[in-house]
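Take a look at the structure below.
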Amino acid sequence: MSTNSNVRVRFAPSPTGALHIGGVRTALFNWLFARHQNGKFILRIEDTDQTRSTDESIRIIVDGMKWLGLDWDEGPFRQTERMDTYREHVERLVKAGKAYHCYCTPEELEMRRKKALADGRPPKYDRKCRSLTAPVPGRTPAVRFLSSDEGQTIVRDLIRGAVTFENQQLDDLIIQRSDGFPTYNFAVVVDDVTMKISHVIRGDDHLNNTPRQIQLYQALGYEPPQFAHLPMILGSDKTKLSKRHGATAVTEYIDLGYLPEALINYLARLGWSHGDQEIFSPAELIGSFALGNVGKAPSVFNAEKLLWLNHHYIQQANPDRLAGLVLELLKKDGVVSEGKEPDREWFKGLVKILIERSHTLVEMKNAAVPFIAGEVVLDEKAKAKHLTADVLPLLSELVARLKLVEPFVHAELEKVFNALVAEKGIKLGKLAQPVRVALTGGTVSPGIFEVIEVMGKEKTLQRIEAAIKQI
RNA sequence: GUCCCCAUCGUCUAGCCCGGCCCAGGACACCGCCCUUUCACGGCGAUAACGCGGGUUCAAAUCCCGCUGGGGACGCCA
């Protein structure tokens with residue numbers, strides 16, 4: 001494994017909404033690359049679009065990154081704080097005759113673009129303002145980069161190999177808007193240079209932007225960084241993953257009861273692999289990560305595999321940590337109120353018996369409710385099926401015997417049940433199911449002896465007696 | 001319309017660069033069986049893929065070409 005402390009990578013989201021799964025994957029690969037190479041990981045907020053950027057969104061990004069454990073070494077930097085740097089660079093290009101003012105309005109451009117498309121021509125800027133010698137009165141110009149029609153630009157991508165673009169295909173892109181803000185393609189170049197970014201690792205959807213950016217590096221007299229374009233994440237219909245495919249925001253996964261390590265592990269294996277290994281701790285991920293093992297083909301997001309991983313990590317998790325997380329969810333639902341928390345050790349015991357059948361924290365929370373709530377609501381179907389008149393004497397007998405059990409623990413409870421079942425010549429299920437319904441309200445729960453032990457003598461007797469009355 | 005990219009089980013993927021060990025391996029999901037006080041967990045097993053057509057070669061999932069299919073980009077968004 002080689003290390004190179006000159007490696008500097010960045011994650012550069014635009015703060016225009018949620019922290020998206022696709023963004024997280026990009027951030028993750030950058031982070032893994034930086035950590036593996038002993039380099040720096042920088043967080044940069046691309047907020048030059050004043051109309052869409054919000055502080056709220058920056059907060060969501062920062063919180064999401066923290067939740068995921070993707071820590072950064074520098075930043076978060078905001079592009080809007082670097083306006084002087086962009087202006088200087090624009091000036092330089094204009095002075096050098098490599099950029100020019102464009103007085104066409106967005107509306108005019110839009111019309112011409114539509115016409116070109118309708119005529120079957122490429123919707124390229126027609127370079128109308130290239131030959132202008134004087135300003136157009138009453139209009140504030142944007143600044144365009146003067147691109148060449150000659151030759152080709154080759155992107156040497158660490159994942160794709162060499163990708164060749166005919167310069168003829170590229171048009172005179174706007175580098176500074178009439179409002180004075182730089183556009184994306186220009187700001188990235190200036191930022192990546194001035195922040196000494198060594199490797200630009202980003203989504204595939206930027207591959208087409210790369211030749212333009214390379215030309216800007218050249219015009220500015222800078223050495224371009226190395227590029228690596230990650231394959232996209234697609235939805236089940238194989239189009240770019242978006243909201244309509246289901247949960248795509250990190251916050252949604254938090255709310256759904258996912259653990260960050262599950263999301264990290266899942267996303268890492270989407271487009272990257274290390275032999276047949278499926279389960280990776282963050283440390284293993286950092287140790288094994290290499291751009292060479294990143295695939296080229298886009299991959300479909302599969303929520304079921306993520307769920308499986310979440311189940312796996314819940315099994316692995318420290319019960320005390322889970323207890324804390326589940327408790328928070330119970331508070332959020334109003335099942336537990338602040339200051340009236342259950343005994344922590346007891347609650348941890350409860351969590352332990354719920355772990356095995358929980359795929360999410362939310363499932364665990366829901367399963368915990370009957371143990372916490374003062375009263376249990378009996379599911380009608382379950383009641384009709386299991387709390388019937390013929391089990392009445394059985395339950396009464398059980399109550400009488402349970403009163404004598406001491407200590408009230410799994411092994412002792414099992415003895416009582418087994419004895420009663422043997423005497424009556426019935427199967428354990430015949431007794432266990434009615435009790436389960438009486439205690440939890442439904443037909444699904446952990447093993448009946450675990451349930452009874454955790455629920456405790458008082459609550460157990462109370463609930464069975466309440467059920468008897470309802471029959 | 002133009003440009004760019006991609007192509008192994010339903011899905012994520014190994015193998016491909018350096019052809020033979022691959023009538024293709026692992027994982028998720030699905031199905032079956034076992035375990036069992038419910039539901040799960042777990043265990044065991046099964047079904048399932050090299051898009052198509054040409055080459056090159058003694059030999060191709062692996063190399064080359066074409067086709068088809070899919071994706072992405074063409075903004076005073078990023």
Side-chain angles (χ1 to χ4, degrees), chain A residues 12-16 46-49 51-53 102 104-106 109-110 113 116-125 140-144 155 157 160 163-166 168-171 173-179 181-185 187-188 202-211 229 231-232 234 236 238-240 266 269-279 292-293 295-309 311 315 355-359 363 367 382 386 414 417 421 427-433 435-437 440 442-449 451:
Chain A
S14 63
T16 54
E46 311 224 322
D47 60 345
T48 55
D49 186 346
T51 59
R52 300 199 303 159
S53 300
C102 173
C104 301
T105 65
L109 293 169
E110 182 58 23
R113 193 176 303 122
L117 237 23
D119 295 349
R121 285 180 289 120
K124 254 176 81 172
Y125 177 60
T140 314
V143 179
R144 281 188 190 271
V155 178
D157 191 276
R160 310 276 145 172
V163 183
T164 305
F165 294 84
E166 295 297 327
Q168 206 181 348
Q169 293 294 330
L170 280 21
D171 62 355
L173 75 155
I174 289 176
I175 57 176
Q176 186 179 77
R177 297 195 283 250
S178 52
D179 66 4
F181 283 88
T183 56
Y184 164 74
N185 279 300
V188 221
R202 78 226 307 188
D204 216 357
D205 45 346
H206 286 293
L207 185 56
N208 289 291
N209 285 323
T210 310
H229 287 91
M232 303 266 82
L234 311 178
S236 47
K238 306 219 175 185
T239 61
K240 203 171 170 179
Y266 178 69
R269 277 289 282 101
L270 212 50
W272 174 83
S273 62
H274 184 65
D276 286 339
Q277 191 172 348
E278 296 285 350
I279 307 290
N293 294 328
K296 296 178 180 181
S299 33
V300 173
F301 186 83
N302 181 208
E304 263 150 6
K305 191 153 185 180
L306 171 58
L307 191 64
W308 172 74
L309 275 165
H311 175 260
Q315 310 311 301
I355 286 179
E356 201 169 76
R357 61 211 76 216
S358 299
H359 288 74
E363 275 183 21
H386 297 287
E414 191 166 357
F417 270 68
V421 160
K427 287 190 172 182
L428 181 55
K430 189 70 184 157
L431 177 60
Q433 276 306 79
V435 173
R436 192 185 314 279
V437 174
T440 67
T443 55
V444 174
S445 86
I448 196 66
F449 307 123
V451 169

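Just so it is clear, the values below take in all heavy atoms, side chains as well, and ignore hydrogens, waters and symmetry mates. In this text the structure is predicted, and so the values were computed from the model without any measurement. Each chain gets a letter, A, B and so on, in the order the sequences are listed, and its residues count up from 1.
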*asked:* Can you measure Asp276(A) atom CG to U13(B) atom C1' for me and round it to whole angstrom units?
replied: 8 Å

*Is any side-chain heavy atom of Asp205(A) closer than 4.5 Å to a side-chain heavy atom of Lys240(A)?*
yes

_Using a 4.0 Å heavy-atom cut-off, does Ser178(A) contact any base of the nucleic acid, only the sugar-phosphate backbone, or nothing at all?_
base

*asked:* Could you tell me how far C44(B) sits from C65(B) if I compare only their P atoms? Round to whole Å.
replied: 45 Å

*How would you label the contact of Arg113(A) with the nucleic acid (heavy atoms, under 4.0 Å): base, sugar-phosphate, or nothing?*
sugar-phosphate

*Just name whichever nucleotide pairs with C3(B), Watson-Crick or G-U, keeping both distances under 3.5 Å, else none.*
G72(B)

*Quote, to the nearest angstrom, the P distance that separates G15(B) from U8(B).*
13 Å

*Quote, to the nearest angstrom, the P distance that separates C30(B) from C23(B).*
31 Å

*asked:* Counting only Watson-Crick pairs (N1-N3 plus N6-O4 or O6-N4) and G-U wobbles (N1-O2, O6-N3), all under 3.5 Å, who is the partner of C28(B)?
replied: G10(B)

*Counting any heavy atom closer than 4.0 Å, what does Thr239(A) reach on the DNA or RNA strands: base, sugar-phosphate only, or nothing?*
sugar-phosphate

*Rounding to the closest angstrom, what is the interatomic distance between C64(B) and G42(B) at atom P?*
43 Å

_Whole-Å distance separating the CZ atom of Phe181(A) from the C1' atom of C76(B)_ = 12 Å

*Is Asp171(A) reaching over with its side chain to a backbone N or O of Tyr125(A), donor-acceptor style, under 3.5 angstrom?*
yes

*Taking the same atom, P, in A40(B) and in C34(B), what whole-Å distance lies between them?*
16 Å

*Are the side chains of Tyr266(A) and Trp308(A) in touch, meaning some heavy atoms are under 4.5 Å apart?*
no

*Could you work out which one of C74(B), A78(B), C5(B) sits closest to the side chain of Pro123(A)?*
C74(B)

*Length of the line joining Gln169(A):CD and A73(B):P, which is rounded to integer Å*: 17 Å

*Should Arg269(A) be listed as having a side-chain N or O under 4.0 Å from OP1 or OP2 of G26(B)?*
no

*Between the side chain of Arg269(A) and the main-chain N/O of Gln277(A), is any donor-acceptor distance below 3.5 Å?*
yes

_A7(B) versus U13(B) - spacing of their C1' atoms, nearest Å_ = 14 Å

*Mind checking the P distance from C9(B) to C52(B)? Whole angstroms is fine.*
11 Å

*Sugar-phosphate means primed atoms, P, OP1 and OP2; the rest is base. With that split, encode nucleotides 33-43 of chain B 5' to 3' as B, S or - using protein heavy atoms under 4.0 Å.*
----BBBBS--

*Across the strands shown, which category fits Ile174(A) at heavy-atom distances under 4.0 angstrom: base, sugar-phosphate, nothing?*
base

*Between Thr16(A) and Asp49(A), is a side-chain contact (heavy atoms from CB on, under 4.5 Å) present by the stated rule, with each step listed?*
CA-CA 9 Å; Thr16(A) 54; Asp49(A) 186 346; 5.6 Å; no

_Atom-to-atom span, CD of Gln277(A) to P of A14(B) - whole angstrom_ = 14 Å

_Under 4.0 Å, heavy atoms only, any strand: does Leu109(A) hit a base, just the sugar-phosphate, or nothing?_
base

*Distance below 4.0 Å between Lys238(A) side-chain N/O and U11(B) OP1 or OP2*: yes

*Name the closest nucleotide to the Phe165(A) side chain, picking from C12(B), C4(B), A78(B).*
C4(B)

*Rounded to whole angstrom units, what separation is found between the CG atom of Asn208(A) and the P atom of A78(B)?*
17 Å

*Between atom CG in Asn185(A) and atom P in A73(B), what is the gap in whole Å?*
13 Å

*Using the purine O4'-C1'-N9-C4 or pyrimidine O4'-C1'-N1-C2 torsion, is C41(B) syn (within 90° of 0) or anti?*
syn

*Would you indicate what Glu304(A) reaches in the nucleic acid, counting non-hydrogen atoms under 4.0 angstrom: base, sugar-phosphate, or nothing?*
sugar-phosphate

*Expressed in angstrom and rounded to an integer, what is the separation of Asp205(A) atom CG from C6(B) atom P?*
15 Å

_Applying a 4.0 Å non-hydrogen cut-off, can you work out what Lys240(A) is touching in the nucleic acid: base, sugar-phosphate, or nothing?_
sugar-phosphate

*List the steps, then state whether side-chain contact (heavy atoms from CB on, under 4.5 Å) holds for Thr48(A) with Arg177(A).*
CA-CA 10 Å; Thr48(A) 55; Arg177(A) 297 195 283 250; 4.2 Å; yes

*Complementary nucleotide of C63(B), counting Watson-Crick and G-U pairs under 3.5 Å*: G55(B)

*On RNA chain B, check which nucleotide each of Arg52(A) and Met232(A) is closest to and give me the residue with the more 5' one.*
Met232(A)

*Once you round it to whole Å, what is the distance between P of A61(B) and NZ of Lys296(A)?*
20 Å

*asked:* Could you tell me the Watson-Crick or G-U partner of C17(B), where both distances fall under 3.5 Å? Say none if there is no partner.
replied: none

*Show your working on side-chain contact (heavy atoms from CB on, under 4.5 Å) between Lys427(A) and Val421(A) and close with a plain yes or no.*
CA-CA 6 Å; Lys427(A) 287 190 172 182; Val421(A) 160; 5.8 Å; no

*Verify, without hydrogens or angle tests, whether Asp119(A) (side chain) and Arg121(A) (backbone) share a donor-acceptor contact under 3.5 angstrom.*
no

*Which nucleotide, C4(B), C76(B), G26(B), lies nearest any side-chain atom of Val163(A)?*
C4(B)

*Identify whether any heavy atom of Thr48(A) sits under 4.0 Å from a base atom; if not, whether one sits that close to sugar-phosphate; answer base, sugar-phosphate or nothing.*
sugar-phosphate

*Tell me what Asn209(A) touches on the nucleic acid: a base, only sugar-phosphate, or nothing, going by heavy atoms under 4.0 Å.*
base

*Does any N or O in the side chain of His311(A) come within less than 3.5 Å of the main-chain N or O of Leu306(A), such that one atom is a donor and the other an acceptor?*
no

*Ignoring hydrogens and angles, state whether a donor on the side chain of Arg202(A) or Thr210(A) is under 3.5 Å from an acceptor on the partner side chain.*
yes

*NA contact type, Gly442(A), heavy-atom cut-off 4.0 Å: base, sugar-phosphate, or nothing?*
nothing

*Is a side-chain N or O of Arg160(A) found less than 3.5 angstrom from the main chain of Lys296(A), in a donor-acceptor match?*
yes

_Distance check, C1' atoms only: C28(B) and U47(B), in whole angstrom units._
15 Å

*Between Glu166(A) and Thr140(A), who's closer to the 5' end of RNA chain B by nearest nucleotide?*
Glu166(A)

